[in-house]
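So the structure is just underneath, and the comments pick up after that.
Worth knowing before you read on, the calculation uses all heavy atoms, side chains too, and leaves out hydrogens, waters and symmetry mates. Naming: A, B, ... by sequence-line order, numbering from 1 per chain.
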Protein chains: 2
Amino acid sequence: MVPEIELTTEEKIIEAAEEVFTSKGKSGARMRDIADKAGINQALLHYYFRSKDRLFFEVFKRIVPRLFPGVFAVLDEDIPFFEKIERFIRGYIEVVEAHPKFPIFIIQALGNSPERLADTILSTFRGLGIDPVEAIRRDLRREIEAGRIIDIDPAHLMVNIISMSAFPFIARPLIERIAFPGRSELYDRFLKQRKEHVPKFIIDSIRKG
Amino acid sequence: MVPEIELTTEEKIIEAAEEVFTSKGKSGARMRDIADKAGINQALLHYYFRSKDRLFFEVFKRIVPRLFPGVFAVLDEDIPFFEKIERFIRGYIEVVEAHPKFPIFIIQALGNSPERLADTILSTFRGLGIDPVEAIRRDLRREIEAGRIIDIDPAHLMVNIISMSAFPFIARPLIERIAFPGRSELYDRFLKQRKEHVPKFIIDSIRKG
DNA sequence: GTCTATAAAGCGATAGAC
DNA sequence: GTCTATCGCTTTATAGAC
């Protein structure tokens, strides 16, 4: 299944580091675990990345572009508004589905740490010329003026969309045990349903008439 | 402002521990920091709570009842459905507003650790005879049959509500910097607005006609 | 580049005096 | 109950051989 491409040592390290950092968090991660998972010794970690801090930052920089900018591109496409909403949400849920540990990793990283990490994210958005709230604001104004949707603050709408898409993955360990105790497969199905449910729920709320 | 009640040493410790654990996480927290914050020495921590693990568990047990059961009680009250939705959401947002670090603390704690913590939460709900999804299911069936709201899965509705209420607090370090960079007071206002916005958004979506 | 060995610091936990 | 002092282990990081 996994392609038999020979990874360089550096790649092996950073992939192992991503696994350990995203599942244990920065302070919970152990350099020793990363070395073991990469199949090398601990000294080599420092040879390539100098310190835990730097290695963490490299992992962070690799994760940001996989979680964010791709999906937001659809917001700039020239397609009907409801279809845009639908495709954005579906795309966003699929990204989080593929990388369920990324959102909480990012949030946790930003929670503790200096402005450096936040700047990395901001540059990523800027570098691609994407401003999510602004992108949706233009569409919204047009749709509202055309009388097709009700008046709504773009920031709230955007946060509603992201919340309903990401939170069920973030809070899985909590929600699953309350709503489907011991039935992990039911929660998987529930998450898949949200690709249909969330767009419908959003559009039902903002559509006029 | 803070009442001048003399706290026992045990209380001072557990309050300090709550602060440190909720802001740094379990593995990021240092017993030394907790002792310093409590104004005592490190040995006394172990005298009262024996180990970091036990101290963490005590903090966890103290947090659960402040985050969960109170708000859910309104679901069992006998009031009009839309009013119930409104009061539940407002109550929930106010709880998270008062304790913005609790949700991510709980999620992170449940993510790593054994079933013991999850059981604590489940017992809390059971102990109060509260089943959130079931509570809302009854109302929902009645309202759907009466033709007042559209057909909707109670689990999805409940998750939508919790998501939109809690996520903006959890993801604050991320959203604030993207949407209101350097304008913390704007984000505070944004969060307050959600007490009005979220109930309206929900009801607009599920109301029939 | 990769290894073994080890230094240096940090950490949770305990001993023992008061 | 509270303190100082310290143990013993873990963890990050470096030295030096190959």
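Taking the 5' to 3' direction, DNA chain C first and last meets chain A under 4.0 angstrom from a heavy atom at C/dG1 to C/dT4.
Heavy atoms of other residues, nucleotides or ligands lying less than 6.0 angstrom from CZ of A/R141 number 12 at most.
Ring planes of A/F180 and A/F190: tilted class, angle from 30 to 60°. Classification of the A/F167-B/F167 ring pair by plane angle, with boundaries at 30° and 60°, yields perpendicular.
Put simply, CZ on A/F56 is 14 Å from P on D/dA13, counting in whole angstrom units. Rounded to an integer number of Å, the gap from A/L55 CG to D/dT12 P is 11 Å. The distance from atom CE of B/M31 to atom C1' of D/dT6 is 17 Å, rounded to the nearest whole Å. Atom pair B/R32:CZ and D/dT6:C1' shows a separation of 14 Å (rounding to whole Å applied).
For B/S51, the side chain to side chain contact (heavy atoms under 4.5 Å, CB included) partners at least two apart in sequence or on another chain are B/D53, B/R54.
Counting all heavy atoms, side chain and backbone alike, A/V59 lies closest to A/A17 at CG2-CB, 3.7 Å. When every heavy atom of B/K101 is checked against every heavy atom of B/S23, the shortest pair comes out as NZ-CB, 3.6 Å.
Taken residue by residue, residues 41-49 of chain B places heavy atoms nearer than 4.0 Å to DNA chain D at B/N41, B/A43, B/L44, B/Y47, B/Y48.
Under 4.0 angstrom from either OP1 or OP2 of D/dT10 there lies no side-chain N or O belonging to A/R30.
Nucleic acid contact for A/A29: sugar-phosphate only, since backbone atoms but no base atoms lie under 4.0 Å from a heavy atom of the residue.
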query: Do B/D204 and A/I206 pass the side-chain contact (heavy atoms from CB on, under 4.5 Å) test, and can you show the C-alpha distance, the side-chain angles, and the key distance before you say yes or no?
result: CA-CA 7 Å; B/D204 279 352; A/I206 64 178; over 6 Å; no

From CA spacing to verdict: ring-ring contact (aromatic ring centres under 6.0 Å, His included), B/F72, B/F88: CA-CA 7 Å; B/F72 287 93; B/F88 174 73; 5.3 Å; yes

